[in-house]
Each structure stands twice: as C-alpha cells, then as structure tokens.
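Take a look at the structure set out below.
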Amino acid sequence: MATIAKVAVNDATIHFDKLYSYLVPGELAGRLWPGGIVLVPFGRGNRPRMAVVLELTQESDPPTRLKTLLDAAPEDARLTPDLLSLVRFLRERYFCTWYEAVKAVIPYGAQYCPGVEDGRPVVKSRLARPTERVYHLVGALAEKPKPGPRQRMAVELLQQNESMTQHELEQQGVSKTTLDALCAKGVLRVSERYKSLDLFSQIPYEPRPVELSAEQQAACDQLEADLLSGEPRAALLYGVTGSGKTSVFVKLIEKTLAMGRKALVLVPEIGLTPQMIRRLKALFGNRLAVQHSALNNTERLLQWRMIQQGEADIVVGTRSAIFAPLSNIGLIILDEEQEHTYQSESAPRYSAHDVAKKRAAAEKALLVFASATPRTETMFAARSGRIRLVTLRERYGGRPLPTVEFVDMRAELAAGNPRELSARLISELAENLQRGEQSILLLNRRGYNTVAICSDCGEVLKCPNCSVPLVYHKNRQMLLCHHCGHQLQPVPGLCPACGGKLLYSGFGTQRVEEELAAALPGARILRMDQDSTMQKNAHERMFTRFARQEYDILLGTQMVAKGLDFEKVTLVGVLGIDSMLFGQGFRSYENTFSLITQVVGRGGRAELPGRALIQTAVPEHPVLQLAAGQDYEAFYQEEIAFRKLCLYPPYCAFCVVGFSGSQDGAVFAAAHRFGSILAEQAARQPRLPLRVLGPTPMNIAMLNGKYRYKLTLKCRNDAAFRALMRQTLEEYGEQKLPARASVAIDFNSDGDM
C-alpha cells in the first residue's frame, strides 16, 4: 500500500492552481501529516519547490508516473487542523492560490524554503530557531582545589534559582569560561532550549481592579451572557469616543481567562498596539503574545512558537494576528472595527471581519466588534438583529464631547492668508501653548508639496511607472512616488516637456510642520507619518514622549486619529479633509465621517474640556456638520438610505475584478472578454442576481508599469456566485487570456484596488 500526498505548490498561478499528487518515500513515513511543509520536484526540470500537504491517501495501485517527495519540514512546522481549515476558507472565499493562503497563515519567520544538504535537496528554515544555554546545579562545589569567587557566585545564584540561562549569569558577572569549568567538575549541568521572547518585559505586572461605570457594567453583563453561552455569538459594542470600551474589553478578557479559555485582540494600526499591550500586560502578565508586521523575523517566529505551544493566553496584533495559532479561543475583539486596514490589499484579499467570524464559529467563541463609528454594514447587522447591539452613550466620568467649530478656508484666502494653517488655528494653538496644554493636528498627506506643474504647458510631473504625481519631500530633497517608490533627484526646476518653470503646490505634513515652526517659535512639534516612523518601535517611542509632555503639538496622518488617550490634549485641528470627502469610492463619506469623529474624540479625555477646529472650503457640507455634532445616528440613517437607493453593501455584495498588464489595449480587451464570458456563464443561471459595470480604468490607471482596468460587479456573495466566478476564471485561462492581463478578485474594495 502506497501513501500518496496531495500538495499545493508554491508560485502556481490561479489558473493552474490545483493539488498535485506525489509518492511518499519510506523514510518520510511517520513524518508527514496534512498541513505539513514539504519539498517536491516540479515541472519538466524537476526543480525543487515548496509545497504544503492538503491530503494523505492510501492506494494499492498508484499511477506509475507519480514523482516522489524530496523532504519534509519538522512536525512543529505544520499547520494545525484549525489553521488548515482557514487555508481552505481563504482559497474558496477570496480566489487566491493554495500557497498564497498558506503564506497568509504562517508568518514569514516560520516559513521554509528549498535548500541543499550533503548534495541533496532538503527543506530548510528561512530562519534558524534560536536556542539558549541553560545551567542547572547538580553537585556540590568542592573546597579543594579552592574555587574562585566567580565559581562561588555562580553556585550561589543557582542555589537561589532552579536554573539560569547563560545570558542571565553573564549579566551577573559570571563568564562562560567559569561555567564550563563548573560543568567539567560535575557541579553544573548545561542543556539547550529554544529561546522564548518577552517583547515587553519592561512593563511591570501590576494587576488592579478595573472599575466600571453603571453603563459600562450593563454593557459588560450583556456581553458576558453571550460569552458564557457556549455558542458562537457576535456583538457590536458601539460607544462614543472616550466611553471606556477598553475597560469593557478588560473585564471580558478576565472572564474568558477565568473560564480557562483564551482571547484574541485585534487593533487596526501598528501604532495602537503598544498602548493596548501596555494595559493588558500590566494587568495579565507575561502570557501575552504579539503578532504584527513591525516585528523582525526572529521576533515573529518566537511569538508564533509561544502561541503554538500554548504559552500565551492573550494575543494582541494587527490584521494578520487573526491567523495566530491560538487554540481554545473564547473571545475575539476587533477594536476600531470600521478601519479599512482590516481588509488585505494583496492576495489573499481577505477581510479580518470574515475570518474572525469563521474562527468564532469554529471555536464557539464571542466575537465583539467595537467602534464609535461602526461600518454601515456592521450597524445594519446589529439593527437587523443578526448580531447583538450593545451601546455606551456617555463618556467615562460624564465628560462632555469636545466642541467643534469650522474655519472657512475660502474666507482665509480672501483675507490674504495663503498658508495651510488658518489664523484662527494658529491663535488657538498659541493659547494652548500658554496654558501648557497639548494639541493634535491631523493631515492625511505626507511629504512637503504634492504636485509639480509647469507654468507654461500645464504638464504635471508624474511618476514614469504610475499615473500619479510625484510628491516633493523637502527633508530628503527628492521627488518620490508613494506607490512604487520611484525617486527623482535632484529636484527639477524646469519642465522636462517644454522647459517652462515648474510650480510646486499642495501641502503635506512636512510643509505644515515648517509653517508651525515659523508661526509658533519655541513650540515643540512632533511629526508622525510614514516617513518619520520607519524605524523599529518608532510609534511607541513617539507616543510615549508625547504622553510625557515632551512635545506640545502632535502633527500626523491617520495614525494619530484613533484609539489614543492623552490627558493633556485639549485642542484638535483637522486639515485637508476636503480631498478625502470628495474622493472616489462609495465609502468616501463614511471614511470622512469616521476619521473626523475619531480625531475630534482625542481631545478632552481627562479633566480639561476639549475643542476642535475643522479647516474646510465646504463647512456647510452635511457630512462635516454631522461629524462636528458627533451624530452617528443621523449619519447612519443618511448613509443607509444612500446605500439602499444605489444598491451598495449591505444590500448587495460588491466585487471588483482587476486586470493588469504591460499593454494598455490588450488589458482592456482582456477585461472586456472576461465580462463577456461572465455574461455567457450567468445566462445559464437566470435567477442569479448580478450587475456588471465596465470595464473602466482604475483610479490609478497605471501602477508599477502595468496598465489597470476593472469590472465592478454588484452581486450576492454566496456559493453559487463564487462557482460562477470560478467557471469564468477557468474559461478565461483556457482562452490564454492571462498572457494579456492577470486577474485579481476583491470583495472588500469600495470601487478600486
């Protein structure tokens, strides 16, 4: 009887993605399981390629042409059954390849690659799992020959501790030479173990009771009932900014751990993880693990192993943490659930919301979505009774919401102020400086100038690879594409097309920082954007220094708008919001309302009252007016009526099929043909609801040298529709169209990819 492994191979395109069968050699018997990472010979040249085992079968008469597996990774590298289930879910739901799904589930540091050992192909770890030497006291220290003081110190330290690592002993002044001598005498025994990693060991463990208000306690009681039900449940915790949703999280986590179960907490931005980690680590100790992209490969691997081996009760992280190898999950929390960062923009293009629902159902856990400005779809589900709605209507301690006023930038320009900072905002910032209070300014554009245009021919200086203007970065003296990273130095002064003078306009965080320094000499300004936070742990260091009041003004992009709590912040300013308000995509109003509401809520969170100024050329716009009033209820009613009228989610599913290739006409023709194939296939299922729009160019028509078109589908994302899409993809591949344009399918886009 032969063992056959059916595997998913790395680097297969979606049109040739299937399970390939291989013979399992005798030497790998007992070393292979579903979910295991293996090395296989692939293609005509039998080049070694990584794969993952999806099925194992026994056959008495296997095909004679089957190739044989080359090697397998260790057992602890395999996907557990629950993670393997997620791989299947990702591939079926999001039209990715098998291996793309595997890569999403396994962090880079834990992945494997082909290697060579003794001249034969083998599976090798991308990153050797680090080990450490551990010393144990096993014998008495003889007095003859007389031991040295360092040897005595080592013995005394190990008498006080059951065991110590080499690093711990060296920190006490005991060298490796001394330790080796004691091992030779039989006094100490040394062993090796895999390193663990406490990323936040500097945070003291200070458990203390969390006091809830009456409203918070009522909310907690409702959610605890679902937590204790033993059934999969979901709820929306909707609370105004500053209402204390995190305190409710803490109580739920306490209850979850008391039940002997585990908790998974997701936040939308890396910048928000330190604040959440600091609070949870202080309350729950070192059985807390972290998963996010700012960790280096060693840290990712060690945290992954910690979770996998059951040494973590709580996992905190960004979107990818939804795949943490955590078992016995009782509680999953998506904080600031409205954020677009919960949607992956590369294959597999998954939604953390959907994966969280899948995991909660499998684990019979409570899933809590939390926000002051929930997604329209989430609130619709709550209002429809599909999930529980739990509301916090008051700020903790009864503190009032900040007052909000508008500054009409049309009037500023008419009054002779060409700057990006209004006279009113400068005046309010100066008052805060005098009172020793802090301010936050939001501008969701980095760089110095955003456009370079010729004064003669009107030509805009664009990236040669992408159909977007290059952005001037003054501190680096270069023009930069924020999409592909193309750089232009030195900064040109003349138009390359006609030789006319280039005029630089538009403004980003760097220019506003410069204007602030000129208008408010002596003000301590902290700029936070993608340029200033590139170094490791930059977010945490900057927020910590601002919390210590080492800066007066925090100027930044979206990363300063949500989830932050600084007691001395009393003034919030919003700049450049109009470009977002009038952006493309059906979520533009929702995103604008949410961003303003969130950033305004950063002010007045302690004893001092807060106020906010919104600079805009359209102060009368209803979305801005509703955001200023923090009136989510009224906004939701307007938005849900718009969604229903125009047939947008939640009244349908919204699918964008993207096409990209090197020839503009060929890409358009391929997109058009895909639409025709889809129509032909759909005609065979007349009851299937479907609207097809396009093909049209994407918002960014060229990216990284590839021309891009899209079809927009309004549909019902069910098994029947996904089967229709797979049939269309198969036919598209059979007609050799992928050579003209690659295809990507996204169910989470609001109109572009």
Does the distance from a Lys or Arg side-chain N to an Asp or Glu carboxylate O, for [X] and [Y], drop under 4.0 Å?
X    : Y    : answer
E590 : R643 : yes
R349 : E100 : no
D17  : R91  : yes

Are [X] and [Y] linked by a side-chain donor-acceptor pair shorter than 3.5 Å?
X    : Y    : value
T557 : D529 : no
D746 : Y94  : no
Q343 : S351 : yes
E337 : T378 : yes
Q735 : E731 : yes

Could you check E336 against R375 for salt bridge (charged side-chain N to carboxylate O under 4.0 Å, His left out), going step by step and ending with a plain yes or no? CA-CA 10 Å; E336 307 290 358; R375 293 191 313 161; over 6 Å; no
Is it the case that the ring center of [Y] lies less than 6.0 angstrom away from the ring center of [X]?
X    : Y    : result
F586 : F642 : no
Y350 : F747 : no
Y589 : H621 : yes
Y651 : F380 : yes

Non-hydrogen atoms of [X] and [Y] that approach each other most closely:
X    : Y    : answer
P695 : F668 : CG-CE1, 3.7 Å
A701 : S467 : N-OG, 3.0 Å
G115 : K124 : CA-CD, 3.6 Å

Atom pair [atom1]/[atom2] of [X] and [Y] - distance to nearest 0.5 Å:
X    : Y    : atom1 : atom2 : result
I596 : T373 : CD1   : OG1   : 11.0 Å
L595 : Q338 : CG    : CD    : 9.5 Å
D531 : Y448 : CG    : OH    : 14.5 Å
Q489 : Q487 : CD    : CD    : 6.0 Å
N10  : F42  : CG    : CZ    : 10.0 Å
I577 : F582 : CD1   : CZ    : 11.0 Å

Test V692 against L711 for side-chain contact (heavy atoms from CB on, under 4.5 Å), laying out the working first. CA-CA 7 Å; V692 182; L711 290 171; 4.2 Å; yes
List the atom pairs, with distances to 0.1 Å, where a side-chain N or O of residues 679-687 and a protein N or O form a donor-acceptor pair under 3.5 Å, not counting sequence neighbours.
unit_1 : atom_1 : unit_2 : atom_2 : d
E680   : OE2    : R673   : NH1    : 3.4
Q681   : OE1    : R684   : NH1    : 3.2

Whether H353 and Y342 hold their rings parallel, tilted or perpendicular, with breakpoints at 30° and 60°: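 The rings of H353 and Y342 stand perpendicular, inter-plane angle above 60°.
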Parallel, tilted or perpendicular: rings of Y732 and F659 (30°, 60°):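 Judged by the thresholds at 30° and 60°, the geometry between F659 and Y732 is tilted.
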Could you tell me whether a side-chain N or O of [X] sits under 3.5 Å from a main-chain N or O of [Y], the two making a donor and an acceptor?
X    : Y    : value
R78  : W33  : no
T341 : P268 : yes
S85  : P81  : no
K714 : L647 : yes

With R740 via salt bridge (charged side-chain N to carboxylate O under 4.0 Å, His left out) - residues at least two apart: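 Expected list: none.
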